[in-house]
Structure formats: structure tokens, C-alpha cells
K.L.:
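Here you go, one structure.
So you know, we letter chains A, B, ... as the sequences are listed, proteins then strands, and number each from 1.
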Amino acid sequence: MTVRTRFAPSPTGYLHVGGVRTALFSWLYARKHGGQFILRIEDTDRKRSTQASVDAILEGMAWLGLQADEGPFYQTQRFERYQQVIKQLLSEEKAYYCHCSKERLEQLRVGQMASKQKPRYDGKCRELSPSSDKTGVIRFKNPKIGQVVVKDLIKGNITFNNSELDDLIIARADGTPTYHLTVVVDDWDMRISHVIRGDDHLNNTPRQINLLQALGATVPQYAHLSMILGSDGQRLSKRHGAVSVMNYKEEGYLPEALLNYLVRLGWSHGDQEIFSLEEMITLFDFNAIHGSPAAFNIDKLLWLNQHYIKTGKPEEIAAQLPIQADPLGPTLADIVTIQAERAKTLKELVHNSQYFLGTPLEYDNKAVRKHLKPAILIPLTTLCQQLEALSNWNAETIHTTIQVVAQQYELKLGKIAQPLRVAITGGAVSPPIDATSYLIGQPRTIERLKRAIEIIEHAE
RNA sequence: GUCCCCAUCGUCUAGAGGCCUAGGACACCACCCUUUCAAGGUGGCGACACGGGUUCGACUCCCGUUGGGGACGCCA
């Protein structure tokens, strides 16, 4: 049997990390078994579906590299097929028109809740003879007795009593099909072998199995993933910060870091933490998935992100930076190389690298006051002259020069390195000063050093 | 409220009855390294929710309690 999985989001908002994880697991499983991964847009709710959301989903999937083998398919383009199925169900008396008003339904619900019952449709119109009155919604005749066993690859066998289920609506009063009908038809038509989705759908599954069986369709395998929670143990929402995947891109996360983080949320392979895409594909399996909800932990994502910034090819990381290199300064790849171990995100890396980018230096007043003092004026002036005289500008010669000047004035290396650092970067923090000077370049280093000397003289 | 799922360090997890003095990772703390900040190294802190069974023996199996999550739409 060929493995065919699908990711079927509804375009009613951004693509969030929970959705990405189900997409990733579906994608991995298909890849692992040489099958197909299908993207399907469930846009039957025309009131809430938007093109912007569709774009967000496509953009997010593309950014993460979760390529679909088939699709995207749009349910709104398959209405004819759904109508055909509904008609068939009606003619076989497996479905019926329901004329109950929303008011009656609401009353029913309230009453059931009050008497500590599970709210559900009471089947009032179910036994009406198939009249000519073809108005109202269409409901599926769910079996009244017996049970449905959901064989879940993650949670095991789960038994539901049909008496718990009611007759769900498969077509709205305006004739459009609803979710339950469309998923079932699509999973059937698209020959989906494994339905991998969030466990918020677990309760829907027995209903869908009943529908599938009424249609004479084969029932796919199911795998229900637990939800992702926020750091407070509540379901992940906007309150917990970035929810849209594209937010993560904007915040400077690498796709491989997000994917690696997400794959470890609920799934594991011994003690391994770092997984390349290839490893994920070969190692991934349902039997190693945890059934319990997992809390999203940004610190671990940050750690992984830095790991990938540090270990990735500088050129490739550089290509993802939202900035341009200064023609007179270092290449972005050089900046990445030197900054990787002190940046957890691309955004942070850029923020820490302003002095490489040719923009006017911003001085950190506190650092200036602390390190650009009159006492250092003479040594710094000497250093400036020595550096200006350097004919072979590289980290090693710069380092030697600093050392010589430090010895000359009997200063510890740090006593001269910090003033130099403030002079050429504007602040007290940067990569090693010799390598930093080298990247900034001789002309700019000298220029900034002279400026710093002026600042000291001015303060006197 | 009813039904469903779940339950190991703060967080993600390892653990398929004796391998457990419960392992790893993130975070946190200390020390080392060091021209700043990092990165790195070493060490530390820290958990089997509770109560009953089953068993010679339970983190592991069963039941219950508690707790958390989900579902109960003419949303998906």
C-alpha cells in the first residue's frame, strides 16, 4: 500500500506552529515511505476563508521546505463532487432534510446542558418520510446503536458508543457541504492512507468513520497528535507571542531550527536532539510519539537556532539576512562567521553587527564614559599611529600591535583593548578586537580611533 | 455538565517489570578558559501526581482519585 498523507488547513488565519508540526509529521511519514504528501485547502466556510490566509499557508510551507507532491487542492472547486455524494446519500436514505429551526436547536442544547446531558441533535426530522420539502439542512443518519472503534496509531484503540453521536449536518441550508462531508469525500477520493492531524479532531473521527462506511469507502489509518501548549500550560494562542510561522522568520529563526524543534515536540529518538531533515525522515515513526500535550519552550528553540546559525554554511545563513553588506566593509558571510556564536537569532546577529555595516557609529554612553578616559589618551594615540602605519592589515598583525603598545605603557591587554573596542564599535561588546578591527578595515578603524581621541580631548 | 485524550526534573523527553543510586537536552547556578560579550569545558540543582491492587519485585501492568488538555456549531 502506498502511503499518502495530507495536510488540510482551513484558510481562516495564519499558519501556526501546531499546524506546521502536523504538516511536518505528515510530510516526514510520506517521505519515509516513498509516498505522497498532499496539500488541501479546506475553504468550504466561505465567510471566514480568505485569500490572505491561503497565501500565508503557501508562503509558510514554502519557507519551511515542506513541498507538497500534489495540490494545493481547493474544496471550493470540488462542490460538484460533494453534491453528487450528498444526492446519493439522500437517495439511499442515509441522509435526510432537517427543518428544525436554529431556535429549536438552541433550546434543545440549553435544556440538555441544564439536565447534565451532552448537547446533541435529538433526531426529530430523522424519521420524517422523505417528503418533497427540500429545504433546510441535510443530516447524516448516524447509526443509533453499536460502537465505533478508532484505531489510532498514537493513542491506540478508542471505542465510542454511537449513542454518543448525533446526526451531523453534511450540507448547510444554502446547499454547501460542511467539513465532515468534505474531508471524508476528499480523503477517500485522494486515496489518503494516513490521516495525521491534531487530537482536537479525535472526537470527529468516529463520525467520519461512520460516514466513510456509509459511502462504502475504505477507512484510512489515523494518527492524532496532541496539542501544543503555551508556556503556561494553556493552549497556544496569540498571548504566547509569535504564532504565525512567518513571525518566526521575521524574528530571525532558521527553518531547520523550527523544524528540528517541532519534530522533538512529542517525538523522540533516544537522547538525540539534533536532527537533519534526512535523519528525521529515516528515523521518524508513530511508535515514538508521546500522547501527551507538550508545552512550547522558546529557550530551546533559541538554542537550536543558534546551533544552526553556528553550524550552517556562512554563505547560506548570510543569504537569509534581511540586510545588504556595506561595499566598503566585510561580506555578510564574514559577519555571520564572526558573530554566529554570539547571536541566537538572525535578528540579533544583525542588531549586533551595526558597526560592520557602514552606518554611522552609535555610541553607548556608558561604555564611552567607562573606557574613553583621559588616562588612555596617550596610549590610544600611540596605538592609532601604529595601526595607521601597519602595512599588512590582518588580525595577527593587529593583535601584535595592540600587544606592543600595551607593553610599552605597562598596561594589561584589556586596558587598551576595551577603549579600542568602544572607539571602533561604539560599545563594550564585540567579537575579539583584532578580528573585529580587521573586518572593519584599516581606514575606518583609524578614522574611528581618531574620532574617539577627539571625544576624550573634548571631555577634558 | 457529558464524552474523549493525557500524566517522569520548571520545560522537551529516555525508560517496553528487575539494567534506575531514574539517563539526556534546554533553562538556571558555580568553576575553568578569556582582551569584552559569547561560544566551549567541568560540575551542581532538579522529577516517576496521589491512593489502592497484580507481582518475589513496579516509573513501567490494572482500577480509582486528582490534575491538565480536547470535543460537544448551518467552524474546520
Side-chain angles (χ1 to χ4, degrees), chain A residues 8-12 42-45 47-49 75 98 100 102 105-106 109 112-120 136-139 150 152 154-156 158-161 163-166 168-174 176 178-180 182-183 197-206 224 226-227 229 231 233-235 261 264-274 287-288 290-304 306 310 339-344 352 367 371 399 402-403 406 412-418 420-422 425 427-434 436:
Chain A
S10 62
T12 53
E42 310 217 322
D43 54 354
T44 52
D45 183 354
K47 287 190 201 78
R48 298 199 307 154
S49 299
Q75 293 189 321
C98 169
C100 293
K102 287 187 181 178
L105 261 21
E106 183 54 30
R109 197 173 0 252
Q112 284 164 332
M113 288 286 255
S115 58
K116 306 191 171 193
Q117 295 246 298
K118 186 179 191 170
R120 62 242 236 222
V137 301
I138 299 169
R139 290 183 185 270
V150 176
D152 192 89
I154 294 169
K155 315 242 186 210
I158 306 158
T159 305
F160 292 85
N161 285 314
S163 57
E164 290 291 333
L165 278 24
D166 62 0
L168 64 273
I169 294 172
I170 55 174
R172 303 183 181 90
D174 66 5
T176 58
T178 64
Y179 163 74
H180 286 288
T182 58
V183 246
R197 59 186 6 172
D199 75 2
D200 48 340
H201 284 292
L202 193 49
N203 290 286
N204 292 332
T205 308
H224 286 94
S226 56
M227 303 275 89
L229 274 21
S231 48
Q234 294 296 113
R235 191 177 185 168
Y261 177 72
R264 281 285 289 105
L265 220 49
W267 175 82
S268 62
H269 182 257
D271 287 339
Q272 189 170 344
E273 296 288 350
I274 307 293
N287 59 22
H290 228 244
S292 52
F296 192 88
N297 179 226
I298 199 78
D299 282 327
K300 191 152 186 179
L301 207 211
L302 282 166
W303 173 74
L304 279 164
Q306 179 165 45
K310 281 193 300 186
Q339 293 283 40
E341 63 192 32
R342 66 208 93 230
K344 291 186 186 300
N352 293 343
H371 297 291
H399 187 249
I402 298 170
Q403 239 172 358
K412 289 217 281 195
L413 204 52
K415 288 291 175 193
I416 186 88
Q418 275 306 83
L420 172 60
R421 174 170 282 115
V422 176
T425 70
V429 174
S430 88
I433 195 62
D434 43 10
T436 303

K.L.:
Please state whether the phosphate of B:A14, meaning OP1 or OP2, lies under 4.0 angstrom from any side-chain nitrogen or oxygen of A:Ser268.
P.N.:
yes
K.L.:
Show the distances under 3.5 angstrom between N or O atoms of the protein and N or O atoms of nucleotides 7-9 of chain B.
P.N.:
none

K.L.:
How many angstroms lie between atom SG of A:Cys98 and atom CD1 of A:Ile170, to the nearest 0.5 angstrom?
P.N.:
12.0 Å
K.L.:
If we take the P atom in both B:G51 and B:U60, what is their distance in whole Å?
P.N.:
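So the two P atoms sit 12 Å from each other.
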K.L.:
Using atom CG of A:Leu105 as one end and atom C1' of B:C72 as the other, report the distance to the nearest whole Å.
P.N.:
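Rounded to the whole Å, the gap is 13 Å.
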K.L.:
In the strands shown, is B:A38 matched to any nucleotide by a Watson-Crick or G-U wobble pair with both distances under 3.5 Å, and which?
P.N.:
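Across all strands, not a single nucleotide pairs with B:A38.
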K.L.:
Over all strands shown, is A:Thr12 touching base, sugar-phosphate only, or nothing at heavy-atom distances under 4.0 angstrom?
P.N.:
nothing
K.L.:
Just the rounded figure in Å: distance from C1' of B:C74 to CG of A:Asp166.
P.N.:
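After rounding, the gap between these two atoms is 13 Å.
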K.L.:
Quick one: what's the B/S/- string for nucleotides 32-39 of chain B, heavy-atom cutoff under 4.0 Å, read 5' to 3'?
P.N.:
---BBBBS
K.L.:
Over how many whole Å does the gap from A:His180 atom NE2 to B:C74 atom P extend?
P.N.:
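Rounded to whole Å, this separation is 10 Å.
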K.L.:
Just call it for A:Lys116: base, sugar-phosphate, or nothing, with non-hydrogen atoms closer than 4.0 Å on any strand.
P.N.:
sugar-phosphate
K.L.:
Quickly work out the A:Tyr179 OH to B:A71 P distance and round it to whole Å.
P.N.:
12 Å
K.L.:
Who pairs with A:Asn203 by side chain to side chain donor-acceptor pair (under 3.5 Å), at least two apart in sequence or on another chain?
P.N.:
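For A:Asn203 there are no side chain to side chain donor-acceptor pair (under 3.5 Å) partners, ignoring immediate neighbours.
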K.L.:
Sort me out a list of protein N/O and nucleotides 22-24 of chain B N/O pairs below 3.5 Å, or just none if empty.
P.N.:
| residue | atom | partner | partner atom | Å |
| --- | --- | --- | --- | --- |
| B:G23 | N2 | A:Asp271 | OD1 | 2.8 |
| B:G24 | N2 | A:Glu273 | OE2 | 2.9 |

K.L.:
Which atom names give the shortest non-hydrogen contact between A:Pro431 and A:Arg421, and what distance separates them?
P.N.:
O-NH2, 3.1 Å
K.L.:
Which atom pair, heavy atoms only, marks the closest approach of A:Ser430 to A:Thr436?
P.N.:
OG-OG1, 3.6 Å
K.L.:
Rounding to the closest angstrom, what is the interatomic distance between B:A7 and B:C29 at atom C1'?
P.N.:
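Their C1' atoms lie roughly 29 Å apart.
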K.L.:
Using atom C1' of each nucleotide, how far apart are B:C20 and B:U66 to the nearest Å?
P.N.:
27 Å
K.L.:
List the atom of A:Glu273, the atom of A:Leu304, and the distance in Å for their closest heavy-atom pair.
P.N.:
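Taking every non-hydrogen atom into account, O-CD2, 4.3 Å.
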K.L.:
With rounding to whole Å, what would you report as the distance between B:C50 and B:U13 at their C1' atoms?
P.N.:
23 Å
K.L.:
For B:A27, what is the paired nucleotide under Watson-Crick or G-U wobble rules, both distances under 3.5 Å?
P.N.:
none
K.L.:
Please state the C1' separation for the pair B:U54 and B:G18 - nearest whole angstrom.
P.N.:
16 Å
K.L.:
Flag yes if more than 12 heavy atoms outside A:His180 fall under 6.0 Å of its NE2 atom; otherwise flag no.
P.N.:
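Enclosed.
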K.L.:
Have a look at A:Phe160 and say if it touches a base, only the backbone sugar-phosphate, or nothing, with a 4.0 Å heavy-atom cut-off.
P.N.:
sugar-phosphate
K.L.:
Where the side chain of A:Lys300 meets the backbone of A:Tyr261, is there a donor-acceptor pair that is under 3.5 Å apart?
P.N.:
no
K.L.:
Calculate the interatomic distance between A:Trp267 atom CH2 and B:C12 atom P; express it in whole Å.
P.N.:
17 Å
K.L.:
In whole Å, what separates the P atom of B:C59 from that of B:C5?
P.N.:
25 Å
K.L.:
Under 4.0 angstrom, heavy atoms only, what part of the nucleic acid is A:Asn352 near: base, sugar-phosphate, or nothing?
P.N.:
nothing
K.L.:
Would you kindly give the OH-to-P distance between A:Tyr261 and B:A25, to the nearest whole Å?
P.N.:
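Distance check: A:Tyr261 OH to B:A25 P gives 17 Å.
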K.L.:
Look at all strands and tell whether A:Glu164 reaches a base, only sugar-phosphate, or nothing, counting heavy atoms closer than 4.0 Å.
P.N.:
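Touches sugar-phosphate only.
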K.L.:
Please report the distance, rounded to the nearest Å, between CE in A:Met113 and C1' in B:G73.
P.N.:
12 Å
K.L.:
A:His371 near the nucleic acid: base, sugar-phosphate alone, or nothing, with a heavy-atom cut-off under 4.0 Å?
P.N.:
nothing
K.L.:
Quick one: label A:Ala295 by what it contacts on the DNA or RNA (base, sugar-phosphate, nothing), any heavy atom closer than 4.0 Å.
P.N.:
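Answer is sugar-phosphate: A:Ala295 comes under 4.0 Å of backbone atoms only.
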K.L.:
When the C1' atoms of B:C45 and B:C3 are considered, how many whole Å apart are they?
P.N.:
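Looking at atom C1' only, B:C45 and B:C3 are 42 Å apart.
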K.L.:
With a 3.5 angstrom cut-off on both distances, give the Watson-Crick or G-U wobble partner of B:C3, or none if there isn't one.
P.N.:
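Its partner is B:G70 (Watson-Crick or G-U wobble, both distances under 3.5 Å).
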K.L.:
Using side chain to side chain contact (heavy atoms under 4.5 Å, CB included) as the criterion, list what pairs up with A:Ala417, not counting sequence neighbours.
P.N.:
A:Ile433
K.L.:
Among all residues two or more places apart in sequence or in another chain, which pass the side chain to side chain donor-acceptor pair (under 3.5 Å) test with A:Asp174?
P.N.:
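So A:Asp174 forms a side chain to side chain donor-acceptor pair (under 3.5 Å) with A:Thr176.
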K.L.:
A:Ile169: what forms a side chain to side chain contact (heavy atoms under 4.5 Å, CB included) with it, not counting sequence neighbours?
P.N.:
A:Val137, A:Arg139, A:Thr178
K.L.:
Tell me, please, which residues at least two apart from A:Tyr179 pass ring-ring contact (aromatic ring centres under 6.0 Å, His included).
P.N.:
A:His201
K.L.:
Does any nucleotide pair with B:U54 by Watson-Crick or G-U wobble geometry, both distances under 3.5 Å, and what is it?
P.N.:
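B:U54 is paired with nothing.
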K.L.:
Please state how far atom CD1 in A:Ile170 lies from atom P in B:A76, giving the value in whole angstrom units.
P.N.:
13 Å
K.L.:
So, for A:Ser226 and A:Gly291, which heavy atoms are closest and what is the spacing to 0.1 Å?
P.N.:
CB-O, 3.4 Å
K.L.:
To check you understand the geometry: which heavy-atom pair defines the closest contact between A:Pro206 and A:Leu165, and what is its length?
P.N.:
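Heavy-atom minimum between the residues: CB-CD2, 4.0 Å.
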K.L.:
A:Thr44: what forms a side chain to side chain donor-acceptor pair (under 3.5 Å) with it, not counting sequence neighbours?
P.N.:
none
K.L.:
Taking side chain to side chain donor-acceptor pair (under 3.5 Å) as the definition, give me every residue that meets it alongside A:Ser163, ordered by chain and number, with sequence neighbours left out.
P.N.:
none
K.L.:
Summarise how protein sits on nucleotides 60-69 of chain B as a single string, 5' to 3': B when a protein heavy atom is under 4.0 Å from the base, S for sugar-phosphate-only contact, - for no contact.
P.N.:
---------S
K.L.:
So, taking the atom named CG in A:Leu202 and the one named CD1 in A:Ile158, what distance separates them when rounded to the nearest 0.5 Å?
P.N.:
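So the CG of A:Leu202 and the CD1 of A:Ile158 are separated by 4.0 Å.
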K.L.:
Name the pairing partner of B:C59, where a pair is Watson-Crick or G-U wobble with both distances under 3.5 Å, or state none.
P.N.:
none
K.L.:
Counting Watson-Crick and G-U wobble pairs only, both distances under 3.5 Å, name the nucleotide matched with B:A16, or none.
P.N.:
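Checking every strand shown, B:A16 finds no partner, since no pair has both distances under 3.5 Å.
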K.L.:
Considering every strand shown, what is the Watson-Crick or G-U wobble mate of B:C33 when both distances are under 3.5 Å?
P.N.:
none
K.L.:
For nucleotides 42-48 of chain B, list the nitrogen or oxygen atoms of the protein found under 3.5 Å from its nitrogen or oxygen atoms, one pair per line.
P.N.:
none

K.L.:
Please classify the nucleic acid contact of A:Gly198 as base, sugar-phosphate, or nothing, using heavy-atom distances under 4.0 Å.
P.N.:
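No contact.
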K.L.:
If you compare every side-chain N and O of A:Thr182 against the phosphate oxygens of B:A76 (OP1, OP2), does one of them come in below 4.0 Å?
P.N.:
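So the side-chain polar atoms of A:Thr182 never come under 4.0 Å of the phosphate oxygens OP1 or OP2 of B:A76.
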K.L.:
Take atom C1' in B:A58 and the same atom in B:A16, then report the distance between them in whole Å.
P.N.:
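13 Å, rounded to whole Å.
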K.L.:
May I ask which nucleotide in the shown strands pairs with B:G46, Watson-Crick or G-U wobble, both distances under 3.5 Å?
P.N.:
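Partner of B:G46: none found under 3.5 Å.
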K.L.:
For A:Ser10 and for A:Ala294, locate the closest nucleotide of RNA chain B by heavy-atom distance; then report the residue assigned to the nucleotide nearer the 5' terminus.
P.N.:
A:Ala294
K.L.:
Is the side chain of A:Gln306 donor-acceptor paired with the backbone N or O of A:Glu341 at a distance under 3.5 Å, no angle test?
P.N.:
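Judged by distance alone, yes, a pair lies under 3.5 Å.
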